[in-house]
A.B. asks: 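For reference, the structure I am asking about is given below.
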Amino acid sequence: MSVADRPSARPDSPATVRPVEAGCRVVVDDSSALVRLSGVLAPAGPDRVRDALLARLVDRPGPIVVDLAGLRHAGPTVGRLLAGVRQEVVDWPAAELLVVDPAGVVAGVAPGELAVFPTADEALAALARTPMAAVLSEELTPAVGAARRARQLVTDGCDRWGMPELTESACIAATELVNNVVAHAGTAMTLRLAPADGALRLAVRDHCPRQPRYAGPAPLTSTGGRGLLLIDTVARRWGSTPLADGKVVWCVLHTEDESRWHRD
């Protein structure tokens, strides 16, 4: 179990280069929030850039700052790409995307879809002004006992963050998310949870590309198929984000929903 610390920018820090195509590179600063795009984003590149940015967001909790200073001839594609990535992760635990756009290449994005800054210093300063994300994360194997450990982590988080009313519902959601991986994916997984504005965000990342299928309430005679129904019942929102090497299934539970349910 680990509590994530806020990354800080260091110019001499190690970097990971994710080649996207002949004309574009994604350079990840391994010890900070910075991700740099450089070169030319060709028509075939957006999907691969998306995969690289999602890989960074799923590998390490916390926001990222995408620096476009080295990107040339991007056009409106890059704005739509980054807004789309942000929309995909907005309900993940402790995930956010900020943009550095000194040349003004981001276009075609509605106000509020992206936080855009003219320099990396300004973006990192904005990041530093926000409260440090509280995150709990654990690597789990697809074996008996994984769901029990998930419930322990969720209970710890709800107690730590002052939202005990969510413990029962969050444990149900975490159990089903983990059991779905055990039963259907059979891969190693990462459970992550974080609070945000009176809500608890849960996510399980696995390494199976098969997406969950929700067909509504299961027949009374069915012996299975109720996992997603339970998640749909206790969570206000849930969904699945495909990755290049698997997926993230996430859900969001709100304290006010639990309070209203108990009053009614």
Side-chain angles (χ1 to χ4, degrees), residues 4 7 14-101 105-106 108-109 113-116 123 135 137 139 177 180-181 184-192 201 203-213 238-251:
T16 298
V17 178
R18 291 188 170 100
V20 175
E21 57 188 57
C24 184
R25 296 195 313 165
V26 179
V27 181
V28 177
D29 185 336
D30 291 333
S31 64
S32 85
L34 278 173
V35 179
R36 294 180 175 88
L37 302 189
S38 63
V40 178
L41 186 62
D47 286 346
R48 294 171 185 157
V49 171
R50 169 200 175 272
D51 290 343
L53 294 177
L54 289 177
R56 170 60 181 80
L57 283 157
V58 81
D59 286 347
R60 183 175 178 179
I64 63 172
V65 176
V66 182
D67 189 347
L68 307 180
L71 198 62
R72 305 187 305 277
H73 312 301
T77 299
V78 68
R80 294 193 298 268
L81 165 66
L82 296 175
V85 170
R86 183 181 183 273
Q87 186 60 38
E88 289 192 80
V89 306
V90 70
D91 284 321
W92 287 13
E96 183 56 279
L97 185 149
L98 290 74
V99 177
V100 179
D101 183 23
V105 299
V106 171
V109 177
E113 283 192 282
L114 284 175
V116 181
V135 186
S137 185
E139 305 296 320
L177 290 172
N180 281 343
V181 177
H184 303 295
T187 72
M189 70 190 98
T190 303
L191 169 66
R192 189 170 292 161
R201 298 176 181 179
V204 171
R205 184 262 207 273
D206 66 43
H207 298 272
C208 175
R210 188 189 321 147
Q211 293 294 304
R213 297 181 61 186
W238 70 273
S240 180
T241 305
L243 305 174
D245 61 344
K247 62 183 175 294
V248 173
V249 185
W250 54 266
C251 63

A.B. asks: Looking only at side-chain N and O atoms, does Glu88 offer a donor or acceptor that is under 3.5 Å from a partner on Thr241?
C.D. replies: no

A.B. asks: Is any side-chain heavy atom of Leu71 closer than 4.5 Å to one of Val78?
C.D. replies: yes

A.B. asks: How far apart are the closest heavy atoms of Val135 and Pro61, and which atoms are they?
C.D. replies: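 Looking at all heavy atoms of both residues, the closest pair is CG1-CB, 3.9 Å.
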
A.B. asks: How far apart are the closest heavy atoms of Asp30 and Arg60, and which atoms are they?
C.D. replies: O-NH1, 2.8 Å

A.B. asks: For a quick test of reading the model, state the closest non-hydrogen atom pair linking Val35 to Arg56 and the distance between them.
C.D. replies: CG2-CG, 3.9 Å

A.B. asks: Atom CD of Glu139 and atom CG of Leu191: how far apart are they, to the nearest 0.5 Å?
C.D. replies: 9.5 Å

A.B. asks: Whether the side chain of Asp101 engages the backbone of Val116 through a donor-acceptor N/O pair (distance < 3.5 Å, no angle test) should be reported.
C.D. replies: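 Such a contact is absent between Asp101 side chain and Val116 backbone.
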
A.B. asks: Side chains of Leu41 and Leu81: closer than 4.5 Å at any heavy-atom pair?
C.D. replies: yes

A.B. asks: Taking CD in Gln211 as the centre, count heavy atoms belonging to other residues, nucleotides or ligands within less than 6.0 Å. Is the count above 12?
C.D. replies: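 Counting neighbours around CD of Gln211, more than 12 heavy atoms of other residues, nucleotides or ligands fall under 6.0 Å, so yes.
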
A.B. asks: Distance check, rounded to the nearest 0.5 Å: Leu82 atom CG versus Glu113 atom CD?
C.D. replies: 11.0 Å

A.B. asks: Quick check: closest heavy atoms across Trp238 and Cys251, and the distance to 0.1 Å?
C.D. replies: CB-CB, 3.7 Å

A.B. asks: How long is the gap from CG on Leu37 to CG on Asp67, to the nearest 0.5 Å?
C.D. replies: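 With rounding to 0.5 Å, CG (Leu37) is 8.0 Å from CG (Asp67).
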
A.B. asks: Nearest heavy-atom pair of Ser137 and Thr190: which atoms, and what distance?
C.D. replies: OG-CG2, 3.5 Å

A.B. asks: As a quick check of understanding, evaluate side chain to side chain contact (heavy atoms under 4.5 Å, CB included) for Val28 and Ile64, giving each step before the final call.
C.D. replies: CA-CA 10 Å; Val28 177; Ile64 63 172; over 6 Å; no

A.B. asks: Any side-chain heavy-atom pair from Asn180 and Asp206 closer than 4.5 angstrom?
C.D. replies: no

A.B. asks: To the nearest 0.5 Å, tell me how far Leu34 CG sits from Leu98 CG.
C.D. replies: 10.5 Å

A.B. asks: Quick one: closest heavy-atom pair of Val106 and Gly79, and the distance?
C.D. replies: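 Closest pair (atom of Val106, atom of Gly79, distance): CG1-CA, 4.0 Å.
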
A.B. asks: Report the distance from atom CD of Gln87 to atom CG of Leu114, rounding to the nearest 0.5 Å.
C.D. replies: 10.0 Å

A.B. asks: State, yes or no, whether a side-chain contact exists between Arg205 and Arg192 at a heavy-atom distance under 4.5 Å.
C.D. replies: no

A.B. asks: Measuring only between side-chain heavy atoms, which start at C-beta, is His184 closer than 4.5 Å to Pro212?
C.D. replies: no

